[in-house]
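Each remark here refers to the structure printed beneath this line.
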Amino acid sequence: MHDILSELTWRGLINQTTDERMADWLMEKPRTLYVGFDPTADSLHVGHLLALMTLRRFQQAGHRPIALVGGATGMIGDPSGKSEERKLLSEETLRANVEGMARQMKRFLDFDRGEISALLVNNYDWMGKFSYLGFLRDVGKHFPVNVMLAKDSVRSRLERTDSGLSYTEFSYMLLQAYDFVQLYDAHGCELQAGGSDQWGNITAGIDLARRLRSVQLYGLTIPLLTKSDGTKMGKTESGAVWLAADKTSPYQFYQYWINLEDADVDKCLRFFTDLGREDIESLVVRHMADPGRREAQRRLADELTRLVHGAEGLSTAQRATEVFFGAEIHELSDSQLREIFADVPSKALPRDRLSGNGLSLIDALVEAGLAKSKGEARRTITQGGAYVNNRRVAIVETNLGPSDLASETVLVLRSGKKNYALLRFE
RNA sequence: GGGGGGUUUCCCGAGUGGCCAAAGGGGUCAGACUGUAAAUCUGAUGGCGAUGCCUUCGCAGGUUCAAAUCCUGCACCCCCCA
């Protein structure tokens with residue numbers, strides 16, 4: 001068996017483990033492990049990537065991964081790592097969220113690999129059947145309140161004066177603990193992994209299994225993902241970086257990684273790619289020698305975009321990148337342009353605006369939303385910041401006619417380095 | 001209740017009768033440089049049919065050839081005395 005634990009260790013993916021001997025235990029035979037995902041949205045985002053990749057690595061090493069989506073626990077809200085009581089989601093929303101997340105997991109895990117095929121479970125399937133009294137008798141009975149109160153997730157919330165902790169959220173760890181026992185019963189799952197804020201919940205499950213089943217289960221936590229500047233990984237000014245193409249386009253996703261700071265790129269390569277130790281080390285050495293080439297970022301972006309959006313998504317992103325950063329636009333069709341500029345605002349105008357003297361560049365910039373007023377448009381042009389189909393046009397009096405179209409009906413306007421807008425003449 | 005100060009263009013903040021679309025800074029936008037980085041430098045920054053016209057200095061009136069600037073009333077904010 002592949003020594004998964006030492007692999008995870010050099011990748012920096014181990015925060016804590018519940019047992020010193022876990023490495024040997026994992027080498028003995030294929031084990032089953034699980035990670036829980038909170039279904040707060042209908043897509044996974046970069047914040048989930050670390051856990052997902054961990055499951056993936058375990059599977060590649062010959063173990064069986066289970067991804068648990070918390071259809072039931074999501075109804076309650078995990079207090080770990082949160083400073084405020086969580087809003088409850090409707091059952092409908094939850095169902096849609098679970099579905100959306102499940103679809104994306106298929107890219108990371110192999111669901112058709114014999115003995116170690118990945119499994120996707122929803123804890124609503126067993127939790128939903130529990131009666132309140134039944135749960136209190138079977139599960140609640142085994143939880144000393146003083147132990148529960150000592151958990152970080154609970155204590156930190158109780159210490160705050162500005163936000164409370166409801167009984168509902170307080171009970172969360174019981175649900176997660178029971179999940180672990182349930183997965184042990186149903187699938188022989190013996191290991192739970194999770195973010196470092198999950199330590200308390202994981203150990204709660206281990207304790208419960210010892211009491212109920214007299215078995216020793218295992219847990220490990222993954223470090224919290226932060227960037228060198230202290231901000232959260234996977235966040236941009238416009239929000240989270242999602243894995244769903246309709247929330248974060250392949251191009252935007254690709255660009256997020258391309259733009260990663262030098263200080264974070266080594267860590268991300270180890271965290272998020274399947275590249276081996278030697279590949280990563282030599283890549284980083286080459287990157288340091290010539291950081292301007294962004295070789296490490298490019299490789300990271302390539303690998304991740306291919307994993308999340310497939311080879312096709314990657315090539316779209318790469319083509320869009322070429323165009324966005326200078327390549328002149330010609331000999332492209334409407335559909336190619338639409339694909340490349342999928343993220344760019346566009347506006348349709350009647351085609352006859354191009355006839356006669358044509359459309360003035362000033363009006364075009366205003367119509368496209370690249371200038372708030374004609375004065376602003378005029379300034380942009382004068383200062384050399386206006387581009388038609390990626391070619392600078394510095395003459396204020398320019399009029400655009402049918403020959404200026406980049407394709408059958410599309411005109412590509414740009415103001416400054418990267419503010420694009422499309423005008424479609426239909 | 002009495003006394004004083006304030007309200008300016010996206011923000012802060014100058015401006016006390018014409019030279020004010022209004023200093024300066026921040027922000028923003030564009031350009032140069034650069035690694036699609038950071039820093040730096042330069043320019044721009046109310047609108048428009050543009051050597052001019054229109055709108056803007058808490059709100060409403062008034063004085064004046066001329067008001068962000070003076071007068072009256074109103075609204076809101078701050079400080080001091082009771």
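Order of the sequence lines sets the chain letters (A, B, ...), proteins ahead of strands, with each chain counted from 1.
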Margin query: From CZ of A/Arg293 over to C1' of B/A37, roughly how many Å is that when rounded to an integer?
Written below: 17 Å
Margin query: Under 4.0 Å, counting only non-hydrogen atoms across every strand here, what does A/Gly292 touch: a base, just sugar-phosphate, or nothing?
Written below: base
Note to self: How long is the straight-line distance from OG of A/Ser315 back to CD of A/Glu339, given to the nearest 0.5 Å?
What the structure shows: 7.5 Å
Note to self: Can a donor-acceptor pair be found, under 3.5 Å and without considering hydrogens, that links the side chain of A/Arg319 to the backbone of A/Ile340?
What the structure shows: no
Item checked: Pairwise P distance, B/C54 and B/A22 [rounded to whole Å] -> 16 Å
Checklist line | Whole-Å gap separating P (B/G35) and CZ (A/Arg299) | finding: 23 Å
Item checked: Which atom of A/Gly12 lies closest to which atom of A/Phe271, heavy atoms considered -> O-CE1, 3.5 Å
Item checked: Watson-Crick/G-U partner (both atom distances under 3.5 Å) of B/U56 -> none
Next item on the list: Look at A/Ser373 and B/C48 and indicate whether a side-chain polar atom (N or O) is within less than 4.0 Å of OP1 or OP2.
Entry: yes
Margin query: Pick the closest RNA chain B nucleotide for A/Thr321 and for A/Arg379 by heavy atoms, then say which residue is nearer the 5' end.
Written below: A/Thr321
Checklist line | Position toward the 5' end of RNA chain B (nearest nucleotide), A/Tyr254 or A/Ala386 | finding: A/Ala386
Margin query: So does A/Ile329 get a backbone contact from the side chain of A/Asn390, meaning a donor-acceptor N/O pair under 3.5 Å?
Written below: no
Next item on the list: May I have the distance from A/Lys418 (atom NZ) to B/G31 (atom P), rounded to whole angstrom?
Entry: 12 Å
Check: Looking at the side chain of A/Asp262, which of B/G31, B/G35, B/U36 is the nearest nucleotide?
Finding: B/G35
Check: Does a distance-only test, which skips hydrogens and angles, find a donor-acceptor pair under 3.5 Å between the side chain of A/Gln255 and the base of B/U36?
Finding: yes
Item checked: Side-chain-base donor-acceptor pair under 3.5 Å for A/Gln383 and B/G31 -> no
Check: Just by modelled atom types, is the A/Thr221 backbone N or O under 3.5 Å from a matching donor or acceptor in the A/Gln16 side chain?
Finding: no
Check: Is there a donor and acceptor pair closer than 3.5 Å between the side chain of A/Asp290 and the base of B/G35?
Finding: no
Check: Could you state the CD-P distance from A/Glu261 to B/A38, rounded to the nearest angstrom?
Finding: 9 Å
Check: Rounding to the closest angstrom, what is the interatomic distance between B/U45 and B/A37 at atom P?
Finding: 26 Å
Note to self: With a cut-off of less than 4.0 Å, is there a side-chain N or O of A/Tyr256 near OP1 or OP2 of B/U36?
What the structure shows: no
Next item on the list: Could you state the atom-to-atom distance from CD of A/Gln297 to C1' of B/A38 in whole Å?
Entry: 14 Å
Check: With both distances under 3.5 angstrom, what nucleotide forms a Watson-Crick or G-U wobble pair with B/C29?
Finding: B/G43
Next item on the list: Please report, rounded to the nearest Å, how far the C1' atom of B/G47 is from the CZ atom of A/Arg378.
Entry: 11 Å
Margin query: Work out how far the P atom of B/G43 is from that of B/A50, and round it to whole angstrom.
Written below: 27 Å
Checklist line | Minimum-distance nucleotide (side-chain atoms of A/Lys417 versus B/A37, B/G31, B/A30) | finding: B/G31
Item checked: Interatomic distance at P, B/C70 relative to B/U7, whole Å -> 11 Å
Checklist line | Base partner of B/G1, which must satisfy Watson-Crick or wobble distances under 3.5 Å | finding: B/C81
Item checked: Any A/Lys374 side-chain nitrogen or oxygen under 4.0 Å from OP1 or OP2 of B/G49 -> yes
Item checked: Whether A/His48 and A/His45 hold their rings parallel, tilted or perpendicular, with breakpoints at 30° and 60° -> tilted
Next item on the list: For nucleotides B/G18 and B/A66, find the distance between their C1' atoms and express it as a whole number of Å.
Entry: 6 Å
Checklist line | Watson-Crick or G-U wobble partner of B/A50, both distances under 3.5 Å | finding: none
Next item on the list: May I have the distance from A/Tyr420 (atom OH) to B/A30 (atom C1'), rounded to whole angstrom?
Entry: 15 Å
Margin query: Please report the distance separating the C1' of B/G46 from the corresponding atom of B/C10, rounded so that it comes out in whole Å.
Written below: 11 Å
Item checked: Pair partner, B/A75 [Watson-Crick or wobble, under 3.5 Å] -> B/U7
Next item on the list: Report yes if at least one side-chain N or O of A/Asn259 is closer than 4.0 Å to OP1 or OP2 of B/G35; otherwise report no.
Entry: no
Item checked: Rounded P spacing from B/C65 to B/A14 in Å -> 33 Å
Check: Using atom P of each nucleotide, how far apart are B/U40 and B/C12 to the nearest Å?
Finding: 24 Å
Notebook entry, point to check: How many Å lie between CG on A/Asn390 and P on B/U36, as a whole number?
Noted result: 15 Å
Next item on the list: Among A/Tyr387, A/Tyr254, A/Tyr251, find the residue that satisfies the ring pair (Phe, Tyr, Trp, His ring centres under 6.0 Å) test when tested with A/Phe324.
Entry: A/Tyr251
